[in-house]
Amino acid sequence: MNAAALLPELTVTNLVFGVLVLSMFLSFIRLVRGPSLPDRVVALDLITVQIAAMLAVDTIATGQPVFLDAAIVLALIAFLSTVAFARYLERRGHDE
Amino acid sequence: MNEIAYVSLLVIGAIFLLAAAIGVVRMPDLFTRMQTATKAATLGISCTLGAVALYMEDLGVAMRALFTILFFFLTAPVAAHMIGRAAYFIGVPLWEQTIIDELHGHYDRRTHKLARPDDPFAVLPMTVDLRRLIGQTVVVGYGRVGRRIGEALIANDVSIVVVEDNREIVEKLRESDVPAVFGNAAEPGVLIQAHVHKASMLVIATPDTAEARRMAGIARAANPRIEIVVRTHTEEEAAVLERANTGKVFLGEHELALTMSRYVLDRYRGTGTTRN
């Protein structure tokens with residue numbers, strides 16, 4: 001395939017990558033600010049979803065589906081860690 | 001045709017993911033942030049993966065993408081619920097403009113179980129002598145303050161009914177033959193269970209002033225002649241309560257100072273000297 005045929009994919013994916021990076025930056029603000037531990041857990045979960053989205057967009061950009069499995073693994077890890085955090089928080093009974 | 005489909009899905013997905021991020025930064029409390037972070041993000045990632053499924057010619061890849069979407073749909077609500085529940089129990093503050101907290105008082109503090117609607121502790125048992133439910137004193141809260149008040153009243157043969165949102169305390173009180181109702185007195189219906197409409201006095205021994213005002217409102221509505229005694233801890237709250245004509249207001253530090261100064265004065269008068 002020549003560059004001209006790839007053009008629509010590249011333009012859109014670059015745009016979407018840019019938007020995703022911006023989203024990650026915003027989530028990072030919440031991760032740093034807190035103020036409570038569950039806030040940070042939610043922000044981290046969101047960042048993981050955004051990374052999975054980037055992996056998906058990369059699949060379109062390069063045409064190679066290698067990273068798609070990593071996306072589902074990331075989703076799994078995010079879910080399990082969120083659940084683990086939640087159980088830990090509920091057991092502990094107080095914040096921070 | 002295909003191009004329009006996956007490009008638009010990609011763009012929609014990115015927009016929703018951005019919306020989720022903006023929401024998580026801008027929303028006023030944890031629960032609203034969680035709402036945007038899970039709903040918008042799940043939709044965003046689903047659209048993005050849907051675009052992948054449409055773009056890739058390979059059926060295997062498309063199926064993987066669709067399974068990932070399914071996975072997100074299954075796990076995001078569960079994770080969100082668990083975090084929200086844990087956050088609620090550890091006391092993460094709600095947005096201060098929250099109008100109503102519907103869960104308040106319905107959860108047992110220790111076991112984190114939802115109180116059943118036909119909860120036996122939420123209503124007085126039939127075995128309670130009805131004579132004790134007329135002209136009684138309703139004591140709300142059996143903690144550090146309420147317990148002492150309750151014990152003093154019982155020792156002086158005043159019939160009381162206790163309202164507490166701690167099940168163990170309600171259980172123990174019932175075992176020692178003190179009528180007790182489990183629930184949050186600030187909620188409609190709970191004070192009625194304590195027969196506040198027939199009571200002569202209401203003693204609010206819980207520290208929260210906003211709740212105290214609600215309790216006083218409910219009690220007055222059910223029983224306009226009831227006498228109300230309320231506890232508070234700051235002067236501003238005391239002023240608010242007195243302006244609203246809630247009842248006899250007792251300010252914690254004021255009472256402490258009163259009792260301590262009385263003791264000191266008694267000591268001076270008693271011995272006539274500062275040294276002994």
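The figures here come from the full heavy-atom set of this structure, side chains too, leaving out hydrogens, waters and symmetry mates. Note that the structure is a prediction, hence the values are computed from the model and not measured.
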Does any donor atom in the side chain of [X] or [Y] lie under 3.5 Å from an acceptor atom in the other side chain?
X	Y	answer
A/Gln50	A/Ser27	yes
A/Thr48	A/Asp45	no
A/Ser36	A/Asp39	yes

Between [options], the one whose heavy-atom pairs under 4.5 Å with chain B are most numerous:
options	value
A/Asp69, A/Leu20, A/Val57	A/Asp69
A/Leu55, A/Leu80, A/Val42	A/Val42
A/Leu76, A/Leu22, A/Ile29	A/Leu76

**B/Met82 portion near chain A, given a 4.5 angstrom heavy-atom threshold** =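 The answer is both parts of B/Met82.
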
**Asked** Heavy-atom distance under 4.5 Å to chain A: side chain of B/Ala51, backbone, both or neither?
**Response**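 It is both, since atoms from each part get that close.
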
**Asked** Is it true that atom CZ of A/Phe28 has more than 12 heavy atoms of other residues, nucleotides or ligands lying nearer than 6.0 Å?
**Response**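 For A/Phe28, atom CZ is not crowded (no more than 12 foreign heavy atoms under 6.0 Å).
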
**Message:** Looking at B/Phe71, I'd like to know if its CZ atom is crowded, meaning that more than 12 non-hydrogen atoms belonging to other residues, nucleotides or ligands lie closer than 6.0 Å.
**Reply:**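 Result for CZ/B/Phe71: enclosed.
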
Taking side chain as everything from C-beta outward and backbone as N, CA, C, O, which of these in [X] sits under 4.5 Å from a heavy atom of chain B? Side chain, backbone, both or neither.
X	value
A/Ala52	both
A/Ile47	neither
A/Ile72	both
A/Val41	side chain

**Prompt:** If you count heavy-atom pairs under 4.5 Å between each of B/Val25, B/Thr38, B/Thr48, B/Leu49 and chain A, which one has the most?
**Reply:**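 The option with the most such pairs is B/Val25.
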
**Charged tip of B/Arg147 within 45° of B/Tyr142 ring normal and under 6.0 Å** =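 Negative - B/Arg147 is either too far from the ring of B/Tyr142 or too far off its axis.
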
**Asked** Among B/Arg214, B/Glu237, B/Glu236, which residue meets the side-chain hydrogen bond (donor to acceptor under 3.5 Å, both in side chains) test with B/Thr209?
**Response**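 Output: one option passes, namely B/Glu237.
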
